[in-house]
Amino acid sequence: MLIKSLSLKNVRSYQDTTIDFTRGSTLISGDIGSGKSTILLAIEFALFGLIKDNITPTSLLRRGEKSCEIILRLIIDKKNIEITRILKKTQNGIKQEAGFLTINGETKPLMPIELKSQIETLLGYPQTKKNLLFRYSVYTPQEMMKQILFEDEEARLDIIRKVFGIDKYKTIKDNITIVSRNLRIKIKINEETTKGIDELKTKLLQEETKLKEFNQELKKIEPLLQETNQKKETAEKEEQTTSKVIQDIQKQENEYKIKINEITSAKKDIQITIQKIEEIKNKIKELTTKKESIKLIENLEDENKIKKEIDEITTNYHNRLQDINLTKEKINNQEKIKTNLTKEISELQTKILTDSNLTTQLQELKDKTNLEEKFTNKLNEIESEIEFLQKEIATYTAKIKINQETITKITKIEHCPTCLQDVTSQHKHEITTKTNTENISIKEEINAKNKKLNELKIKQEALKNHLDEIKITKEKIKYLNEKKIILEDNTKNLKLKKTEQEKTNEQIQNNIEILKKLEEIKFEKELERKTQLQTKIILIQKNKEQQIELNNIITRINESKTQLEELQNKTITLQKIIEPENKITIDLVETSSNRKILEEKQSDIKQKINEITSQLSTILSKKSATQKDIEYTTKAIIEITNNIKKIEEITNETTKLKQHNIWLNTKFTELIDTIEKQVLLQIHDRFNSKFQKWFNILIEDEDITAKLNEDFTPIVTLQGHDADILSLSGGEKTSLALAYRLALNKVINELVSNIKTKNIIILDEPTDGFSSQQLDRLKEVLDNLKLEQVIIVSHESKIESYVENNIRLQKINHSTIIR
């Protein structure tokens, strides 16, 4: 991973700033409070979002602002990555909004958790470690690294375990403790459960004895039940035979009653029929009188022929009126079309007249764009010259600074470091004078180049303005070309509209002539003839109605005569039904007497069946109770047997659980401890050698040495005796922390193979309390790191002399600027 740039908008003291980073070593310098730590905080927030107790919304949002934005641009595996994170103030506090992830120009909006997950994947970080690897391999705040040195041994070991992914062994041992405790609880519960097995076996024998007694009782009930069922079947067959005879008698009795009802109904029907016969005779007399009163007209004309003539007259009249109306409508429509065409022709003539000078305007604008290439080439030349001048001025400025540092150093030196002779005041004065003269000459050169640079920038601005004007002119040309196309279309449309207007005028004249001819035709005689024919139709309709009425009367007379004949025949039939009345009455009385005798016999049989049924119910109840006792006892035996089986299984399980618990707490725990110690030992060997290497570079003093004990605790030896870390000087503590930091970085990069942050490190105030000699040794440290990108945050100006890039921060009126 390499950082390309960081854009901050409304982030703490940064209003709207972009910081560019390059390969090699970069120093971020500035006074305390100038905004150095904000840059590191923003980089970590861009990568991992908000982190509890470390990165909070209030620690980022500029005071008084409603939102802030951080954009981090990186290179990971040759891919251009851009990460955008946004914080916004709401009624409920400051919330993190959805961000954006751009990979090689393809942008995806992502929620904060999704964005963090995607970035961790790009960095090759295991999901379980989150940003822990970043904190201890790329960027560690100064106070955090000192904290790990002064933590107790167990806390420091926990951090080492988490960083290298071997905290799983401690987790396994914690889980063994939990599993073992659960096993002991399970064993205790099982032992309590298995205590009642002897009672269950005794109860099982009791239930088996009861089951035998119930089965013997059931065998005694069966013969008695069969005998009782046979008696019941015999009585039921006798009752069925008697019931069948009674049903036959009832059937015959019902038939006699039906015949008597029919005779009674026939007597009533004879009286009603005689009355209806008299009514029909009177009705026939009335209809005959009415028939004779109707007189019909003969020899009338054919109605259909008259109607056909009326329809022809009506159709001809309506057709002529329709032709007149259609012709008038055509004329009106064509007049509207003519009006619209006149209006459209007028509008098109106005548009064509307005745009008549387009060609001249286009040519004038095209002439202006011919200078674009010339201006562009000239601008490129000037920008190249400006860039060259800026580099020369930077070189001269750096030279002045180096000369000034040389003067400062020479005035302080008492002995020459090479020949060890005293340095005289005269020699110091000569060097100082020579250096000051060189600085004056360089400053004059800088002023001359600045003057030339300002002149070039004025020319550059003028050329940019010319090119902007040409760009606007091109847009105008594009617009006028579009208008020219519209003008050509309008000219074509004008010709078409004029042709259409002439054609419409001809159609209007033709339709006016047709209308005059239609209005000249007269139609009075035809309408008079239609009135006469309609009078004849009325007369014919009236005659038809009388004919229909006459036919109805004749039909009704014939129907009445038919009905009269049917009623007379019905009277004869009813007389025949009445004749056997006395014989049927005598047979009905005799049949009813026989039915009563049989019903008494049937009642006695039913009483006998009820008594047998009661005896049978008692026997069945006893049998059912015995069967239930057998069923319940069988279930109890099965349940007790299953419980005994379960207890025996639990006993076997308890034995196995005890064996497992012993194995976990002895052999398995010892195995995990051995594996963890071996892994930690491998890490410790690498860590210790690298820690000693960096510490020896930073402190070139044979009297003081440092190493790591088994718990990764730094042990400092001063003149052969162990020294308390707290008693060390500030510079020595910082050297110890920096050596630990660099060693941890190297070991992580060697052992965690997939991470993409091996070529970068960020050092936060790594020189706190350093002497001048220790600051010089930091250069050797940077050379030994051999990383593609090293970012150092420090207020020490001396570091500027041996880093490749320098970012100077200055805070003015609560806002940070880059100098």
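The shown structure was predicted, so the numbers you read here are calculated from the model rather than taken from an experiment. The figures here come from the full heavy-atom set of this structure, side chains too, leaving out hydrogens, waters and symmetry mates. Count residues from 1 along the sequence.
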J.: Answer whether the closest heavy-atom distance between the side chains of S5 and I19 falls below 4.5 Å.
T.: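 Heavy-atom side-chain distance check fails, nothing below 4.5 Å.
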J.: Ignoring hydrogens, what is the shortest heavy-atom contact between L123 and T757? Give both atom names and the distance.
T.: CD2-CG2, 3.9 Å
J.: Do I393 and Y396 come close enough that some side-chain heavy atom pair is under 4.5 Å?
T.: no
J.: Any chance you could measure L8, atom CG, to T816, atom OG1, to the nearest 0.5 Å?
T.: 9.5 Å
J.: If only atom types and distance count, is the side chain of N749 paired as donor or acceptor with the main-chain N or O of S137 below 3.5 Å?
T.: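 Flag not set: sc N749 to bb S137 has no pair under 3.5 Å.
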J.: L763 and side-chain contact (heavy atoms from CB on, under 4.5 Å): which partner among V781, I799, L738?
T.: L738
J.: Give a yes or no on whether the backbone of I70 and the side-chain of S7 come within a donor-acceptor separation of less than 3.5 Å.
T.: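 No, the answer is negative, given that no donor and acceptor are paired below the 3.5 Å cut-off.
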J.: For the residue pair S13 and G35, what are the closest heavy atoms and their distance?
T.: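 Taking every non-hydrogen atom into account, OG-CA, 4.2 Å.
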J.: Just grab all the salt bridge (charged side-chain N to carboxylate O under 4.0 Å, His left out) pairs involving residues 790-814, residues at least two apart or on different chains.
T.: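 Counting only pairs at least two positions apart or across chains, the salt bridge (charged side-chain N to carboxylate O under 4.0 Å, His left out) contacts touching residues 790-814 are K401-E800, D776-K798, E800-R808.
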J.: Does R85 use its side chain to pair, donor to acceptor, with the backbone of A46 at less than 3.5 Å?
T.: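 Checking the backbone N and O of A46 against the side chain of R85, a donor-acceptor pair under 3.5 Å is found.
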J.: Against N403, only a single residue in T432, T435, N436, N439 fulfils side-chain hydrogen bond (donor to acceptor under 3.5 Å, both in side chains); can you say which?
T.: N439
J.: Would you check if the side chain of T734 reaches a backbone N or O of D768 as a donor-acceptor pair within less than 3.5 Å?
T.: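 Yes.
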J.: Using every non-hydrogen atom in the two residues, find where R777 and I697 come nearest and quote the distance to one decimal.
T.: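 Taking R777 first and I697 second, the nearest heavy atoms are CD-O, 2.8 Å.
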J.: Return the CD1 to OH distance between I760 and Y139, rounded to the nearest 0.5 Å.
T.: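 With rounding to 0.5 Å, CD1 (I760) is 13.0 Å from OH (Y139).
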J.: For residues 447-458, which side-chain N or O atoms pair as donor and acceptor with protein atoms under 3.5 Å away, sequence neighbours left out?
T.:
{"unit_1": "N447", "atom_1": "ND2", "unit_2": "K443", "atom_2": "O", "d": "3.3"}
{"unit_1": "K449", "atom_1": "NZ", "unit_2": "E392", "atom_2": "OE1", "d": "2.9"}
{"unit_1": "N450", "atom_1": "ND2", "unit_2": "I446", "atom_2": "O", "d": "3.4"}
{"unit_1": "K452", "atom_1": "NZ", "unit_2": "E385", "atom_2": "OE2", "d": "3.3"}
{"unit_1": "N454", "atom_1": "ND2", "unit_2": "N450", "atom_2": "O", "d": "3.3"}

J.: For the backbone of Q774 and the side chain of S771, can you confirm whether one donor and one acceptor N or O come within less than 3.5 Å of each other?
T.: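 Side chain of S771 to backbone of Q774, a donor-acceptor pair under 3.5 Å: yes, one is there.
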J.: Under the 3.5 angstrom rule, does the side chain of T473 hit a backbone N or O of E469 as a donor-acceptor pair?
T.: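 Confirmed, T473 side chain pairs with E469 backbone.
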J.: Compute the ring centroids of Y740 and F695, then answer whether they are less than 6.0 Å apart.
T.: no
J.: What about the rings of F134 and Y125, do their centers lie closer together than 6.0 Å?
T.: no
J.: Rounded to the nearest 0.5 Å, what's the gap from CD on E445 to OG1 on T395? Could you check?
T.: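 Going from the CD atom of E445 to the OG1 atom of T395 covers 12.0 Å.
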J.: Counting only N and O atoms by type, is there a donor-acceptor contact under 3.5 Å from the side chain of N80 to the main-chain atoms of N104?
T.: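 Not confirmed, N80 side chain does not pair with N104 backbone.
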J.: Can you tell me how far apart CG (N784) and CG (L787) are? Round to the nearest 0.5 Å.
T.: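 So the CG of N784 and the CG of L787 are separated by 10.5 Å.
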J.: Report the distance from atom NE2 of H466 to atom CZ of F375, rounding to the nearest 0.5 Å.
T.: 5.0 Å
J.: Below 4.5 Å, heavy atoms only, C-beta onward: do K66 and K88 meet side chain to side chain?
T.: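 Not in contact.
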J.: Quick one: pull up NZ in K399 and CD1 in I402 and give me the separation to the nearest 0.5 Å.
T.: 6.5 Å
J.: I'd like to check Q789 versus R23 (side-chain heavy atoms, cut-off strictly below 4.5 Å). Are they in contact?
T.: no
J.: Taking atom CD1 of I812 as the centre, report whether more than 12 heavy atoms of other residues, nucleotides or ligands fall under 6.0 Å from it.
T.: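 Correct, the count exceeds 12.
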J.: Is the backbone of G93 close enough, under 3.5 Å, to the side chain of T90 for a donor and an acceptor to pair up by distance?
T.: yes
J.: Do you know the tightest heavy-atom contact between S29 and K36?
T.: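 The answer is C-CD, 3.8 Å.
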J.: Donor-acceptor pair, S59 side chain versus T56 backbone, under 3.5 Å?
T.: yes
J.: Would you say E732's side chain and S729's backbone share a donor-acceptor pair under 3.5 angstrom?
T.: yes
J.: Is there a donor in the side chain of T140 and an acceptor in the side chain of R135, or the other way round, less than 3.5 Å apart?
T.: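 No - no donor-acceptor pair under 3.5 Å links their side chains.
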J.: Check whether any side-chain heavy atom of N745 lies under 4.5 Å from a side-chain heavy atom of R741, and answer yes or no.
T.: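 When only atoms from C-beta onward are counted, R741 and N745 do touch, with a gap below 4.5 Å.
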